[in-house]
Number of protein chains: 2
Amino acid sequence: MRTIYDHKALGQLIRQERKAQGLTQAELAALTGVGIRFLRELELGKENCRIGLAFQVIRALGLVLEARGRGESA
Amino acid sequence: MRTIYDHKALGQLIRQERKAQGLTQAELAALTGVGIRFLRELELGKENCRIGLAFQVIRALGLVLEARGRGESA
DNA sequence: ATTGAATAGTCCCGATCGGGTCGTTTTATT
DNA sequence: AATAAAACGACCCGATCGGGACTATTCAAT
């Protein structure tokens, strides 16, 4: 379980997961239906990308996002 | 703990948390430094908004996002 | 060290976002 | 039911995204 505090952390996570699955950026991009450049910038922590596309990638990788309030216990 | 499978779920969560904290959209928008319209559309599950702004809102609300691989146990 | 793959950076351009605001609709309170 | 507040939808417009392609750079493996 990994905490995602911002878009950079998200990019790192995506890259890590992509590599863990043995995919290249081009392959994942094709799989996900987004452009290679988008994926690259997402992994590099681009400040502003479209969240819909980001979620497509997240789901394509089989990642699960969970949220809780600050105080809320896991 | 709540699973965020897409941008709609994220919007719902944000709205719920905003209300739980007794804030109006205008107040939260001002607090966060985003436009009211952006916040509104984010809560309504706009497909494509800038992820950087979304994270600003998430942090402003004190929400914590966590991610794990599909198989990974919590 | 060499070689090929993977990633990063840049180009142009159409498509869309996000800003504020005004008018309308929904929700809440009394 | 009446009133006020909050949320929604639409408007215009400048700013930026995201697409593919092409080159340069980094990386891994032999």
Side-chain angles (χ1 to χ4, degrees), chain A residues 2-65 67-72, chain B residues 2-65 67-72:
Chain A
R2 179 163 175 172
T3 301
I4 306 299
Y5 37 91
D6 61 15
H7 49 102
K8 289 209 171 185
L10 181 61
Q12 289 166 4
L13 171 68
I14 286 173
R15 163 159 301 183
Q16 173 185 320
E17 187 64 22
R18 172 178 61 80
K19 294 207 164 182
Q21 298 189 18
L23 298 169
T24 73
Q25 292 178 336
E27 288 168 339
L28 180 56
L31 257 171
T32 314
V34 305
I36 298 181
R37 226 195 58 215
F38 170 82
L39 181 56
R40 191 160 66 223
E41 292 181 356
L42 177 60
E43 288 190 356
L44 291 180
K46 181 179 197 170
E47 287 207 43
N48 284 324
C49 70
R50 309 247 165 107
I51 202 169
L53 296 182
F55 268 114
Q56 283 181 232
V57 175
I58 288 170
R59 286 193 299 265
L61 283 172
L63 291 171
V64 178
L65 274 193
R68 63 165 200 272
R70 202 173 352 221
E72 211 174 317
Chain B
R2 180 163 174 173
T3 301
I4 305 299
Y5 38 91
D6 61 15
H7 50 102
K8 289 209 170 187
L10 181 61
Q12 289 167 4
L13 171 67
I14 286 172
R15 164 160 299 184
Q16 172 184 320
E17 187 64 22
R18 172 178 61 80
K19 293 208 164 183
Q21 298 188 19
L23 298 170
T24 73
Q25 292 178 336
E27 288 169 338
L28 179 55
L31 259 170
T32 314
V34 306
I36 298 181
R37 229 196 53 217
F38 171 82
L39 181 57
R40 191 161 64 224
E41 293 180 353
L42 177 60
E43 288 190 356
L44 291 181
K46 181 177 197 174
E47 287 207 45
N48 285 324
C49 69
R50 309 246 167 107
I51 203 169
L53 296 182
F55 269 112
Q56 283 180 234
V57 175
I58 288 169
R59 286 194 298 265
L61 282 172
L63 291 171
V64 178
L65 275 193
R68 63 163 198 274
R70 203 177 347 227
E72 214 174 315

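In what follows, chains carry the letters A, B, and so on, assigned in the order in which the sequence lines appear, proteins first and then strands, with residues in each chain numbered from 1.
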*In whole angstrom, give the distance that lies between atom CG of Leu44(A) and atom C1' of dG9(C).*
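That distance rounds to 10 Å.
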*In whole angstrom, what separates Glu27(A)'s CD from dA6(C)'s P?*
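Answer to the nearest Å: 7 Å.
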*Among residues two or more places apart or on two chains, list those pairs meeting side-chain hydrogen bond (donor to acceptor under 3.5 Å, both in side chains) that have a residue in residues 45-57 of chain B.*
Glu41(B)-Lys46(B)
*Name all pairs fulfilling the side-chain hydrogen bond (donor to acceptor under 3.5 Å, both in side chains) condition that reach into residues 22-33 of chain A, sequence neighbours left out, sorted by first residue then second.*
Gln25(A)-Glu43(A)
*How bent is the helix from dA1(C)-dT30(D) to dT30(C)-dA1(D), comparing axes over its five end pairs at each side, to the nearest 10°?*
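Both end axes considered, the difference amounts to 80°.
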*Check each residue of residues 9-25 of chain B for a non-hydrogen atom within less than 4.0 Å of any atom in DNA chain D, then write out the ones that pass by number, or none.*
Arg15(B), Arg18(B), Thr24(B), Gln25(B)
*Please round to the nearest 0.5 Å and tell me the distance separating atom CG of Leu44(B) and atom SG of Cys49(B).*
11.5 Å
*Gln21(A) CD to Leu31(A) CG distance, which is reported to the nearest 0.5 Å*: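 Answer rounded to 0.5 Å: 9.0 Å.
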*For Gly69(B) and Leu63(A), which heavy atoms make the closest approach, and how far apart are they?*
CA-CD2, 3.9 Å
*Residues two or more places apart in sequence or in another chain: which of them pass side chain to side chain contact (heavy atoms under 4.5 Å, CB included) with Ala9(A)?*
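Checked Ala9(A) against side chain to side chain contact (heavy atoms under 4.5 Å, CB included); matches are Ile4(A), Tyr5(A), Asp6(A).
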*Does a side-chain heavy-atom distance below 4.5 Å link Leu28(A) with Val34(A)?*
no
_Taking side-chain hydrogen bond (donor to acceptor under 3.5 Å, both in side chains) as the definition, give me every residue that meets it alongside Gln12(A), ordered by chain and number, with sequence neighbours left out._
none
*Looking at residues at least two apart in the chain, or sitting in another chain, which of them share a side-chain hydrogen bond (donor to acceptor under 3.5 Å, both in side chains) with Arg2(B)?*
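Only Gln16(B) meet the side-chain hydrogen bond (donor to acceptor under 3.5 Å, both in side chains) criterion with Arg2(B).
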_At under 4.0 Å between heavy atoms, how does the protein contact nucleotides 15-28 of chain D? Give one character per nucleotide, 5' to 3', with B, S or -._
-SSBBB--------
*What salt bridge (Lys or Arg N to Asp or Glu O under 4.0 Å) pairs are there with at least one residue in residues 52-62 of chain B, not counting sequence neighbours?*
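Passing the test, one end in residues 52-62 of chain B: no pairs.
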